[in-house]
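Here the structure comes first, spelled out in structure tokens, and everything after it is commentary.
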Amino acid sequence: MSPLACRQCGNTDGPFVPGTGLCEDCEGGPGTAPVEIEPGLYDIPAEQYHHDPIPGGSLSSTGARTLVKHCPAVFKWQLDHPQPHTKALDLGTAAHKLVLDDGPELVLVDAPRWDTDSLKAEIAAIRAAGGIPLKRHELEQVRAMAAALRANEEAAELLEPGSGLAEMSAFWEDNGVWRRARFDFLRDDGQIVDYKSARSCRREDLEKAFSEHGYHQQQDWYEEAGAVLGLTDPEQPMRFVVQEKDPPYLVVVTTCDPMARGIGRHLNEVALNTYAICRERGEWPGYLPNPMISLPSWVERQYA
């Protein structure tokens with residue numbers, strides 16, 4: 001589980017240039033001949049994983065979901081324009097930190113407003129050092145979420161400290177396409193556990209959220225990684241620990257049913273084929289022409 005590093009200077013801290021295997025200091029410099037990457041499980045920083053350390057690029061579960069939910073043009077734009085910091089992303093990362101006991105430092109910036117030059121500079125320095133700045137009520141929120149999760153017996157057992165590895169990155173090759181995944185928690189008994197926050201854990205709302213966010217695709221993608229690399233027990237499906245963002249921070253533990261997993265597998269195959277063709281041609285098209293629009297089928301049925 002040695003960390004992937006810049007293939008020129010050996011730097012493991014970044015920042016890294018997406019799809020090059022190089023840190024920013026070495027990009028375009030001498031001695032950047034390709035190196036062989038070994039499939040496997042790696043303990044690397046989240047920044048390095050998200051900037052894609054595979055020379056030539058690799059496809060993540062998030063990228064696969066974008067390809068089938070939107071189109072190659074949207075995928076390529078997001079690849080070239082990494083997501084900036086957002087409050088929702090910060091809170092999600094902070095909750096992961098406290099639940100998984102792994103991740104960036106959470107730093108309290110105890111001021112109601114962050115619009116002065118001095119506070120902006122302080123926040124920028126925290127981010128530059130790899131931390132997550134939080135207001136007091138935000139820090140209290142994620143601490144309360146972590147406490148509520150630990151009070152849930154099933155979730156606490158799945159994510160028990162010392163029972164597995166947190167935030168591990170997997171890389172493997174599939175018919176000429178490098179794929180990657182980052183496990184929230186890989187248990188010693190061979191089960192993958194993924195932590196999600198949600199607006200609602202009501203069954204109907206979770207069904208909609210899983211469909212909208214492609215979590216059925218994610219489950220198939222991660223289970224494929226575990227199977228190919230010999231990391232997981234095929235008899236234990238991936239489990240999602242889902243927690244509401246508002247008090248009392250209720251928790252539900254679930255997994256996709258066989259039908260959902262089958263649909264996810266099909267969509268991932270479509271995404272992999274699309275990615276391979278677009279990469280080979282160097283073309284990332286937008287949506288297909290659609291000169292005539294129909295109403296949703298459920299509206300048509302009302303008038304049938």
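These numbers come from the heavy atoms of this one structure, side chains and all, not from hydrogens, waters or symmetry mates. Quick caveat: nothing in here was measured; it's all calculated off a predicted structure.
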Hey, are [X] and [Y] close enough for a salt bridge, meaning a charged N less than 4.0 Å from a carboxylate O?
{"X": "Arg143", "Y": "Glu138", "value": "no"}
{"X": "Arg203", "Y": "Glu207", "value": "yes"}
{"X": "Arg265", "Y": "Glu224", "value": "no"}
{"X": "Asp220", "Y": "Arg261", "value": "no"}
{"X": "Asp80", "Y": "Lys76", "value": "yes"}

Exercise for review: Establish, for the pair Arg180 and Trp172, whether the NZ or CZ atom is under 6.0 angstrom from the six-membered ring centre and no further than 45 degrees off its axis.
Suggested key: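 No.
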**Study point:** Working for side chain to side chain contact (heavy atoms under 4.5 Å, CB included), residues Thr66 and Val74
**Key:** CA-CA 7 Å; Thr66 300; Val74 172; 4.0 Å; yes
Taking [X] for the side chain and [Y] for the main chain, is one N or O donor matched with an acceptor at less than 3.5 Å?
{"X": "Arg65", "Y": "Ser61", "answer": "yes"}
{"X": "Lys69", "Y": "Glu212", "answer": "yes"}
{"X": "Ser197", "Y": "Gly92", "answer": "no"}
{"X": "Gln243", "Y": "Met145", "answer": "yes"}
{"X": "Asn268", "Y": "Gln217", "answer": "yes"}
{"X": "Ser163", "Y": "Glu160", "answer": "yes"}
{"X": "Thr232", "Y": "Pro234", "answer": "no"}
{"X": "Gln236", "Y": "Asp189", "answer": "yes"}

Review point. Hey, are Asp52 and Ser58 close enough side-chain-wise for a donor-acceptor pair under 3.5 Å?
Key: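 Side chains of Ser58 and Asp52: pair found under 3.5 Å.
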Qualifying residues under salt bridge (charged side-chain N to carboxylate O under 4.0 Å, His left out), relative to [X], sequence neighbours excluded:
{"X": "Asp110", "result": "Arg136"}
{"X": "Arg182", "result": "Glu167"}
{"X": "Asp117", "result": "none"}

Within a reach of under 6.0 Å around [atom1] of [X], are more than 12 heavy atoms found that belong to other residues, nucleotides or ligands?
{"X": "Gln302", "atom1": "CD", "value": "yes"}
{"X": "Asp233", "atom1": "CG", "value": "yes"}
{"X": "His266", "atom1": "NE2", "value": "no"}
{"X": "Glu204", "atom1": "CD", "value": "yes"}
{"X": "Glu280", "atom1": "CD", "value": "no"}

Practice item. Decide yes or no for Leu91 and Leu134: does some side-chain heavy atom of the first lie under 4.5 Å from some side-chain heavy atom of the second? Key: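 They are in contact (side-chain heavy atoms under 4.5 Å apart), so the answer is yes.
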Check your understanding: Any side-chain heavy-atom pair from Glu154 and Arg239 closer than 4.5 angstrom?
Key ->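 A side-chain contact exists here, since the closest heavy-atom pair is under 4.5 Å.
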Tell me whether [X] shares a hydrophobic cluster with [Y], the cluster being built from Ile, Leu, Val, Met, Phe, Trp, Tyr side chains joined at under 4.5 Å.
{"X": "Trp221", "Y": "Leu229", "value": "yes"}
{"X": "Leu59", "Y": "Leu41", "value": "yes"}
{"X": "Val68", "Y": "Phe210", "value": "no"}
{"X": "Leu250", "Y": "Phe240", "value": "no"}
{"X": "Phe185", "Y": "Ile192", "value": "no"}

Which pair of heavy atoms, one from [X] and one from [Y], lies closest together, and at what distance?
{"X": "Ala94", "Y": "Val142", "value": "CB-CG1, 4.0 Å"}
{"X": "Asp188", "Y": "Gly162", "value": "OD2-O, 3.7 Å"}
{"X": "Ala181", "Y": "Ala225", "value": "CB-CB, 4.4 Å"}
{"X": "Pro285", "Y": "Pro72", "value": "O-CD, 3.3 Å"}
{"X": "Ala64", "Y": "Ala271", "value": "O-CB, 3.5 Å"}
{"X": "Asp174", "Y": "Arg179", "value": "OD2-NH1, 2.7 Å"}

Check your understanding: Of Asp184, Asp194, Leu158, which meets side-chain contact (heavy atoms from CB on, under 4.5 Å) against Val241?
Key ->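 The single option meeting the side-chain contact (heavy atoms from CB on, under 4.5 Å) with Val241 is Leu158.
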Point to revise | Reference residue Asp90; test salt bridge (Lys or Arg N to Asp or Glu O under 4.0 Å); the match among Lys135, Arg127, Lys97 | key: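 For Asp90, the salt bridge (Lys or Arg N to Asp or Glu O under 4.0 Å) check succeeds only for Arg127.
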Check your understanding: Can you check side chain to side chain contact (heavy atoms under 4.5 Å, CB included) on Tyr195 and Val242, steps first, answer last?
Key -> CA-CA 6 Å; Tyr195 172 66; Val242 189; over 6 Å; no
Practice item. Dump the intermediate steps for side chain to side chain contact (heavy atoms under 4.5 Å, CB included) on Glu105 and Val107, then the final yes or no. Key: CA-CA 6 Å; Glu105 181 184 3; Val107 182; 4.0 Å; yes
Practice item. Calculate, to the nearest 0.5 Å, the distance between atoms OG and NE2 belonging to Ser169 and His50 respectively. Key: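 Going from the OG atom of Ser169 to the NE2 atom of His50 covers 8.0 Å.
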Check your understanding: Hey, mind stepping through Cys71 and Trp284 against side chain to side chain contact (heavy atoms under 4.5 Å, CB included) and telling me if it holds?
Key -> CA-CA 8 Å; Cys71 64; Trp284 304 88; over 6 Å; no
